Structures are given as structure tokens and as C-alpha cells.
Amino acid sequence: MDKKTEEFYIRLKEELSNTSEWPTEYLYKFIVPTDARKIEEVENAFDNMGAVIKTHQSKAGKYTSVSINVMMESPADVVEKYIEVSSIEGIISF
């Protein structure tokens with residue numbers, strides 16, 4: 001992980017610590033190329049966590065947004081999950 005990305009995750013963890021009481025429900029949003037395997041990879045990362053997952057394909061069908069609402073224990077867990085899914089080729093998180 002490069003320094004800029006590492007600094008981003010440190011800032012995110014701090015902001016989450018200061019703005020939420022933990023555990024809390026957290027909403028992840030990702031965009032992936034419309035490919036059943038890639039969508040499944042994202043969904044599998046949240047398997048057995050009680051997550052509510054919604055997908056929506058772009059108008060042109062090239063991309064799919066994946067929204068995941070899930071109870072997370074701590075800001076560190078939120079960041080850990082972002083890092084885990086960042087290995088999926090073509091994924092964009094926001």
C-alpha cells in the first residue's frame with residue numbers, strides 16, 4: 001500500500017472514531033465492472049456478517065454499484081474491510 005493510501009485510511013479511522021459510537025451500522029459503496037464474478041467477490045467479502053446488499057447496474061450496463069449495509073464493530077474493522085476488497089480488480093470504493 002502506498003503512503004497516500006495509508007494516510008487516507010488513518011484519517012478515515014480517526015474520523016469514524018470521532019463521529020460514531022461503536023459498534024454501528026456502516027454503509028459501504030463500491031462500483032465494479034459489470035461482471036458476475038467481481039460482484040460475487042464483493043458480496044463474498046461480507047458473507048455471514050448479516051449484511052444487506054443492494055446492486056444497481058449503470059444505464060449503459062458497463063458498471064454495477066454495490067451498496068452494503070452492515071454492522072461493524074470498530075473503525076479498524078471498517079478500514080480492514082476496505083483493504084480486503086481493494087484487491088478486487090477494477091473496484092472503486094467511496
Side-chain angles (χ1 to χ4, degrees):
M1 173 182 328
D2 64 35
K3 187 160 179 64
K4 188 174 181 180
T5 303
E6 189 175 335
E7 289 172 354
F8 169 78
Y9 285 131
I10 290 168
R11 262 194 333 272
L12 176 62
K13 201 183 304 185
E14 288 173 3
E15 286 181 31
L16 291 173
S17 293
N18 294 331
T19 59
S20 301
E21 289 188 31
W22 298 88
T24 194
E25 208 167 279
Y26 188 79
L27 177 62
Y28 289 91
K29 289 191 172 201
F30 303 104
I31 295 175
V32 293
T34 299
D35 175 333
R37 287 183 312 222
K38 292 189 186 309
I39 296 166
E40 186 177 354
E41 281 183 68
V42 175
E43 291 174 344
N44 287 344
F46 294 88
D47 202 23
N48 297 319
M49 293 181 68
V52 176
I53 302 172
K54 295 180 182 174
T55 59
H56 185 274
Q57 203 171 84
S58 66
K59 196 179 249 185
K62 191 172 180 182
Y63 296 98
T64 298
S65 69
V66 183
S67 299
I68 302 163
N69 210 346
V70 63
M71 186 63 75
M72 297 303 287
E73 292 297 317
S74 70
D77 290 339
V78 170
V79 169
E80 188 177 305
K81 195 56 77 174
Y82 274 121
I83 292 169
E84 179 184 337
V85 299
S86 70
S87 65
I88 298 170
E89 186 181 340
I91 193 166
I92 300 169
S93 48
F94 56 98

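These figures come from a predicted structure and were not determined experimentally.
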* Asked: Do E41 and I91 touch side chain to side chain, with heavy atoms closer than 4.5 Å?
  -> no
* Considering only heavy atoms from C-beta outward, does the side chain of Y26 approach that of K81 to under 4.5 Å? -> no
[X], [Y]: one ILVMFWY side-chain cluster at the under-4.5 Å cut-off?
| X | Y | value |
| --- | --- | --- |
| V42 | I31 | no |
| I92 | F8 | no |
| L27 | V78 | no |
| V52 | V85 | no |
| I83 | I68 | yes |

* To do: For the pair F46 and F30, name the ring-plane relationship: parallel under 30°, tilted 30 to 60°, perpendicular over 60°.
  => tilted
* To do: Apply the test side-chain contact (heavy atoms from CB on, under 4.5 Å) to residues Y28 and V66: give CA-CA distance (whole Å), side-chain angles for both, the deciding distance (0.1 Å), then the verdict.
  => CA-CA 8 Å; Y28 289 91; V66 183; over 6 Å; no
* Asked: In this structure, are over 12 heavy atoms from other groups packed under 6.0 Å from E25 atom CD?
  -> yes
* Does OH belonging to Y63 count more than 12 external heavy atoms closer than 6.0 Å? -> no
When rounded to the nearest 0.5 angstrom, what is the spacing between [atom1] in [X] and [atom2] in [Y]?
| X | Y | atom1 | atom2 | answer |
| --- | --- | --- | --- | --- |
| M71 | T24 | CE | OG1 | 6.5 Å |
| I39 | Q57 | CD1 | CD | 7.0 Å |
| T55 | E43 | OG1 | CD | 6.5 Å |
| K29 | N69 | NZ | CG | 10.0 Å |
| N44 | I88 | CG | CD1 | 8.5 Å |

* Would D35 and R37 satisfy salt bridge (charged side-chain N to carboxylate O under 4.0 Å, His left out), going step by step from the backbone distance to the final call? -> CA-CA 5 Å; D35 175 333; R37 287 183 312 222; 3.6 Å; yes
Mind listing the closest non-hydrogen atom pair of [X] and [Y] along with its distance?
| X | Y | result |
| --- | --- | --- |
| P75 | S17 | CG-OG, 3.3 Å |
| W22 | E73 | CB-O, 3.4 Å |
| M72 | M49 | SD-CE, 3.7 Å |
| G61 | T34 | O-OG1, 3.1 Å |

* Check ion pair K3-E7 (N to O, under 4.0 angstrom) -> yes
* Is any NZ, NE, NH1 or NH2 atom of the basic residue among R11 and E14 found under 4.0 Å from an Asp or Glu carboxylate oxygen of the other? -> no
